[in-house]
Amino acid sequence: MEMISITLPDGSVKKHEKGSTVYDITKDISKGLAREAVGAVVNEDIRGMQEEVNEDSTFRVVKFEDKEGKEIFWHTSAHIMALAVQNLFPDVKFAIGPAIDNGFYYDFDTEHRFTPKDLEKIEDEMKRIAKEAHVLERFTMERDEALEYFKERDEKYKVDLIENFPEDEEISFYKLGEFTDLCAGPHLYDTKKVKAIKLLSIAGAYWRGDENNEMLQRIYGTTYEKKKDLEEYLHRLEEAEKRDHRKLGRELDLFSMQEEGPGFPFFHPKGMIVRNELEDYWKEEHRKRGYDEIKTPLILNEKLWHESGHWDHYKENMYLTKIDDEDYAIKPMNCPGSILVYKSKLHSYRDLPLRWGELGLVHRHELSGALHGLMRVRSFTQDDAHLYTLPSQIKDELVKTIELADDMYKVFGFKYHIELSTRPENSMGSEEQWEMATNGLIEALEEKEIDYIVNEGDGAFYGPKIDFQLEDAIGRTWQCGTIQLDFQMPERFDISYVDKDNERKRPVMIHRTIFGSMERFMGILIEHYAGKFPVWLAPVQATILPISDKFNDYAYELQKKLKDKGIRVEVDSRSEKVGYKIREARLQRVPYILVIGEKEIENNLVSVNKRDHGDQGQMKTEEFVDMVLEEIKNKRQ
RNA sequence: GCCCACAUAGCUCAGUAGGUAGAGUACUUGCAUGGUAAGCAAGAGGUCACCGGUUCAAUUCCGGUUGUGGGCUCCA
C-alpha cells in the first residue's frame with residue numbers, strides 16, 4: 001500500500017493511502033501553505049507550499065456543496081454519533097452508519113430503548129466531541145486479525161460484515177477517539193468542521209434490511225458546517241410539511257381517511273372534481289392515441305387467479321370471498337379481466353395492436369405499517385391499459401407508451417426518473433423470455449435516449465418493467481407510471497391471433513399505467529401544487545364575494561351566469577367583511593376571487609383578485625369568462 | 001407484519017400530582033352592511049379512541065385492541 005504524506009502547516013505529517021480521499025485540502029497561497037481541510041483524493045506528497053497542485057497531479061478538492069463532500073461530511077457525522085452513543089450507552093453494539101440523501105443514520109443494538117430525551121443527550125455529546133477536534137485515524141488489518149478484533153468485542157454485526165467481504169481483502173478501520181469502526185472511508189480530517197448538529201428521529205430497522213433478522217434501533221440525524229444552513233434545512237422540512245397531501249386533503253376538503261376503513265380512502269365532492277377532471281383528461285388523451293376502454297368486474301372466481309399465477313405469487317395481498325359456496329377473489333390487478341375480454345372472440349393479426357384502457361379499481365392487502373395517506377392505500381384505481389401486440393410491434397408500442405407518459409407528465413410540470421426492474425426470484429417463465437422482454441424495454445429506452453437506474457430483481461412476477469418515479473413534497477419518490485412487458489399471461493391463458501399464414505400465434509402483452517393510481521397521483525399532485533391546482537383542476541375556480549348582504553341576489557345571478565359557461569363558481573354570502581372572505585378564499589387556494597359591490601353591478605364588471613397575484617382591478621364579466629375558459633382549455637401552467 | 005411514539009370538541013392544541021374537562025378556530029344565532037388576508041356578542045358542541053384491570057373513584061395508572069405518525073420490509 002503506497003502512502004502519501006501531507007505536511008501540515010504546523011509541521012506535523014499526516015499519512016494517507018494513495019488515491020484515498022481526505023476531506024478538504026485547501027491551499028492557502030497567501031500564507032504559502034497547503035493545509036488539510038476539505039476533501040481531496042491524494043495522489044502525491046504535499047508539503048508546505050504546493051502551488052502547482054491541481055486536479056490531475058495531486059488532489060481533487062471536494063467541498064461540502066458537492067455530493068461527495070456531503071457524503072464524507074455525513075459519514076463522519078455518523079461516526080461522531082456512534083462515539084457519542086458509545087460514551088452514553090456503553091453496552092451498545094454497532095451495525096452500520098452510512099450517509100444518506102439529507103444526512104446520516106447509524107443502526108444500534110442495545111437493550112436500552114432510545115427516547116427523544118436521549119436524542120438531546122446524544123446531540124449534546126456529539127457537539128462536545130466535534131468541538132474537541134478529534135482527528136480520524138485510518139489503519140488496516142488483515143482479515144483474520146480484524147475478525148478477531150470484533151469477536152473479542154462481541155460486535156456480531158461487524159463480524160457478519162467482514163465474513164461477507166471477499167477473502168483476500170485487507171480491512172480498513174477508522175478510529176475516532178475511543179470509537180473504532182470497520183469502515184472504508186473516506187472521512188473528514190477531523191471533527192471540528194461539524195458545527196451544526198441535529199438528530200431527527202428514532203426508527204426501527206432490520207439488520208441487513210431483512211425482516212427475518214433482528215430489529216435494530218436507527219437514529220437519523222443531519223449536520224452542517226454552519227448553523228444557518230441547518231436552520232435553513234429544518235425550515236425547508238417545515239415548509240414541506242405544510243404541503244403534505246394529508247393535511248391539505250383535510251383543509252381543502254378533498255378526501256378523508258376513516259378508522260372504519262384503514263387504507264380505503266373516502267373522496268369528498270371537491271376531491272371528486274379533481275379526480276374526474278384527471279380521468280376526463282386521461283380518457284381524452286387515450287382516445288387520441290388509439291385506445292379503447294373496457295371495464296371488468298371487481299370480483300372473479302378463484303380459479304381465474306390460479307390460472308393467472310396470482311394465486312401462487314400474490315395470494316398474501318388478495319382479499320377473498322365466497323359466493324354460493326364457491327371461492328372468489330377481489331381483483332388485485334386488472335390483467336386477467338382484460339384477457340378474458342380478449343379471449344371472448346377470435347382476433348386477426350390485422351386487429352393488432354389492441355390497446356385497451358381500464359380505470360380499474362383494485363384491492364390489495366398492504367401491510368398496515370405501509371399505509372400512507374393517498375400514496376399507499378388498499379383500494380385504488382389504476383389507470384391501467386393492456387396492449388396486445390405482434391412481436392414485431394413491441395418496440396414501437398413501448399416507445400409510444402413512453403412518449404405518452406412523458407407528454408402527460410409535462411402537463412403537470414413533473415420531473416421524474418425512470419427505473420428498470422429485472423427478473424425477481426419468485427417469478428414465472430424461462431430465462432430466454434425474460435431476457436427478450438428485458439432487452440425490449442432497454443431498446444425502447446435507448447431509442448428515446450433516456451437515462452435509467454436498474455433495480456435488479458425488482459420486476460413483476462410475470463415480466464420486467466420500467467417505472468416512472470415522481471417526487472413528493474419532501475423528496476420521497478413514488479412509483480407512478482409503469483410499463484411491463486409480459487410473455488407469461490398470454491401463454492398461461494393461451495391467447496392467440498390468427499396470422500397471415502392462417503396459423504394461430506401468441507400475441508405479446510404490455511401492461512402499463514401512466515398515473516399509476518388515481519389515488520397516488522392525486523396525492524403527488526396535491527403536494528406538487530401545494531394545493532394550488534391549475535384552473536382546469538381547481539375544485540372551485542372562482543369565488544364571488546359580495547361586499548354586503550345587499551348584493552347577495554346579484555351574486556347568485558352572476559354565479560348562474562358563470563356556471564352556465566362551465567365555470568365552477570361559489571358565492572360566499574356570509575355576513576362577513578370582504579377582508580375576512582378574501583382570507584377564507586385564499587386559504588382554499590381558489591384561483592380567482594370576484595369582489596362585487598355597487599360599482600361592479602352598475603357596469604356589469606367584476607373586480608378580479610388572482611391567486612398569487614392579488615388585486616387585478618376590474619374587467620367586464622364577459623372578458624373574465626373568456627379569460628378563464630381560455631385558461632381551462634390550455635391546461636398547462 | 002416489525003420497532004418506536006402518539007390518540008382530549010369538526011380542526012389545532014392545553015389540562016387533570018386519580019375526584020367525569022378547557023382555549024383558539026370552525027359551526028348556529030343576534031348586532032354591525034362593509035372595498036381586497038381575521039368586526040362585536042351570545043349559544044351549541046366531548047361516554048377524554050375502544051375493551052379490560054387496579055382503586056371508594058380512571059380521561060389521568062397498568063394491560064390489551066384499534067387507528068394514526070416516523071422508519072424497516074413490501075409496493076401503483
Side-chain angles (χ1 to χ4, degrees), chain A residues 105 107 113-116 118 200-220 241 244 246-247 250-251 253 256-263 314 316-317 332-334 360 362 364-384 421 458 460 465 467-470 474 476 478-482 484 511-521 523-524 545-552 574-587 593-600 607-610 614-618:
Chain A
Y105 68 78
D107 285 346
R113 297 283 149 219
F114 292 126
T115 63
D118 292 334
L200 297 165
S201 63
I202 310 159
Y206 300 109
W207 168 237
R208 287 183 178 281
D210 184 336
E211 60 185 323
N212 300 311
N213 288 341
E214 47 276 77
M215 176 71 66
L216 307 169
Q217 292 187 77
R218 174 173 299 179
I219 300 181
Y220 286 93
E241 250 170 58
D244 188 310
R246 293 166 296 188
K247 183 174 145 69
R250 188 174 50 242
E251 286 172 3
D253 200 14
S256 61
M257 306 300 295
Q258 312 280 346
E259 206 164 307
E260 288 78 358
Y314 211 72
E316 291 70 39
N317 287 302
M333 294 186 194
N334 302 303
V362 297
R364 298 182 184 175
H365 183 70
E366 302 293 346
L367 296 179
S368 58
L371 302 178
H372 182 96
L374 286 182
M375 305 293 204
R376 191 75 184 278
V377 289
R378 285 174 172 158
S379 113
F380 56 100
T381 298
Q382 293 184 302
D383 64 317
D384 218 341
S421 297
D458 240 5
K465 56 176 188 169
D467 294 324
F468 296 77
Q469 299 275 345
L470 269 50
I474 59 173
R476 285 181 292 217
W478 296 90
Q479 177 185 330
C480 287
T482 180
Q484 310 175 347
H511 311 237
R512 44 109 292 179
T513 64
I514 307 294
F515 292 149
S517 79
M518 299 312 297
E519 288 74 8
R520 178 175 290 181
F521 196 76
I524 300 237
L545 306 185
I547 263 182
S548 117
D549 296 353
K550 284 185 291 201
F551 311 117
N552 282 356
R574 291 176 301 177
S575 301
E576 296 289 348
K577 291 192 171 178
V578 193
Y580 179 90
K581 296 192 206 178
I582 296 239
R583 182 183 145 82
E584 292 273 289
R586 281 272 158 273
L587 291 174
I593 296 168
L594 304 177
V595 178
I596 54 159
E598 210 166 346
K599 285 177 274 179
E600 288 79 9
S607 280
V608 178
N609 188 316
K610 189 174 178 182
D615 196 346
Q616 304 289 295
Q618 297 171 327

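Just so we're clear, the structure is a prediction, and the values are computed from it rather than from any experiment.
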With sugar-phosphate meaning primed atoms plus P, OP1 and OP2, does [X] contact a base, only sugar-phosphate, or nothing at under 4.0 Å between heavy atoms?
X: Val595(A); result: base
X: Glu316(A); result: nothing
X: Gly579(A); result: sugar-phosphate
X: Thr115(A); result: nothing
X: Gly204(A); result: base
X: Gly209(A); result: sugar-phosphate
X: Lys581(A); result: nothing
X: Val377(A); result: base
X: Phe521(A); result: nothing
X: Lys465(A); result: sugar-phosphate
X: Gln469(A); result: nothing

Subject >> Of Gln618(A) and Ser379(A), the one whose closest RNA chain B nucleotide lies more 5' >> reply: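 The 5'-side residue here is Gln618(A).
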**OP:** Could you pick out which residue, Gln484(A) or Lys599(A), lies toward the 5' side of RNA chain B when each is mapped onto its nearest nucleotide?
**Re:**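 Closest to the 5' end, via its nearest nucleotide, is Lys599(A).
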Does [X] reach the side chain of [Y], with side-chain heavy atoms less than 4.5 Å apart?
X: Leu545(A); Y: Ile596(A); answer: no
X: Arg520(A); Y: Arg376(A); answer: yes
X: Phe551(A); Y: Glu600(A); answer: no

Should [X] be listed as having a side-chain N or O under 4.0 Å from OP1 or OP2 of [N]?
X: Arg113(A); N: C4(B); value: yes
X: Arg574(A); N: C27(B); value: yes
X: Arg250(A); N: U12(B); value: yes
X: Gln479(A); N: A76(B); value: yes
X: His365(A); N: C75(B); value: no
X: Arg376(A); N: G69(B); value: no

If the [atom1] atom of [N] is compared with that of [M], how far apart are they to the nearest Å?
N: A57(B); M: C4(B); atom1: P; result: 32 Å
N: A32(B); M: C40(B); atom1: C1'; result: 8 Å
N: A49(B); M: G15(B); atom1: P; result: 16 Å
N: G64(B); M: A26(B); atom1: P; result: 41 Å

To the side chain of [X], which of [options] is closest?
X: Lys577(A); options: G34(B), G67(B), G1(B); value: G34(B)
X: Met215(A); options: C3(B), C74(B), U33(B); value: C3(B)
X: Glu576(A); options: G39(B), A32(B), U36(B); value: G39(B)
X: Gln382(A); options: G34(B), U73(B), A76(B); value: A76(B)
X: Arg364(A); options: C75(B), G71(B), A26(B); value: C75(B)
X: Tyr580(A); options: G39(B), C11(B), A76(B); value: G39(B)
X: Pro262(A); options: U73(B), A76(B), U68(B); value: U68(B)
X: Leu587(A); options: A37(B), A76(B), G71(B); value: A37(B)
X: Arg520(A); options: A76(B), G35(B), G34(B); value: A76(B)
X: Ile582(A); options: U36(B), C72(B), C11(B); value: U36(B)

Original post:
Which heavy atom of Gln618(A) sits nearest a heavy atom of Ser607(A), and at what distance?
Top reply: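 That closest heavy-atom pairing would be CG-OG, 3.3 Å.
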**OP:** Taking all non-hydrogen atoms of both residues into account, name the closest pair between Asp384(A) and Arg512(A) and its distance.
**Re:**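 Distance-wise, the nearest heavy atoms are OD1-O, 3.3 Å.
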Original post:
Taking the six-membered ring for Trp, does Phe380(A) stack with A76(B) (centroid gap under 5.5 Å, planes within less than 30°)?
Top reply: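 Here the ring of Phe380(A) and the base of A76(B) are stacked, with centres under 5.5 Å and planes under 30°.
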Original post:
Between the side chain of Arg378(A) and the main-chain N/O of Glu366(A), is any donor-acceptor distance below 3.5 Å?
Top reply: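 Such a contact is found between Arg378(A) side chain and Glu366(A) backbone.
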Original post:
Does C72(B) pair with anything, Watson-Crick or G-U wobble, both distances under 3.5 Å, and if so, with which nucleotide?
Top reply: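 Per the H-bond distance test, G1(B).
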Look at the side chain of [X] against the base of [N] and say whether a donor-acceptor pair falls under 3.5 Å; ignore hydrogens and angles.
X: Ser368(A); N: G67(B); result: no
X: Tyr206(A); N: G1(B); result: yes
X: Glu600(A); N: G35(B); result: yes

Original post:
What's the spacing between Glu519(A) CD and Gln382(A) CD if we round to 0.5 Å?
Top reply: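 CD of Gln382(A) is found 9.5 Å from CD of Glu519(A).
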Subject >> Atom CD of Glu598(A) with >12 non-hydrogen neighbours under 6.0 angstrom >> reply: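 12 or below, so no.
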Subject >> Spacing between Arg246(A) atom CZ and G69(B) atom C1', to the nearest angstrom >> reply: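 Whole-Å distance recorded here is 7 Å.
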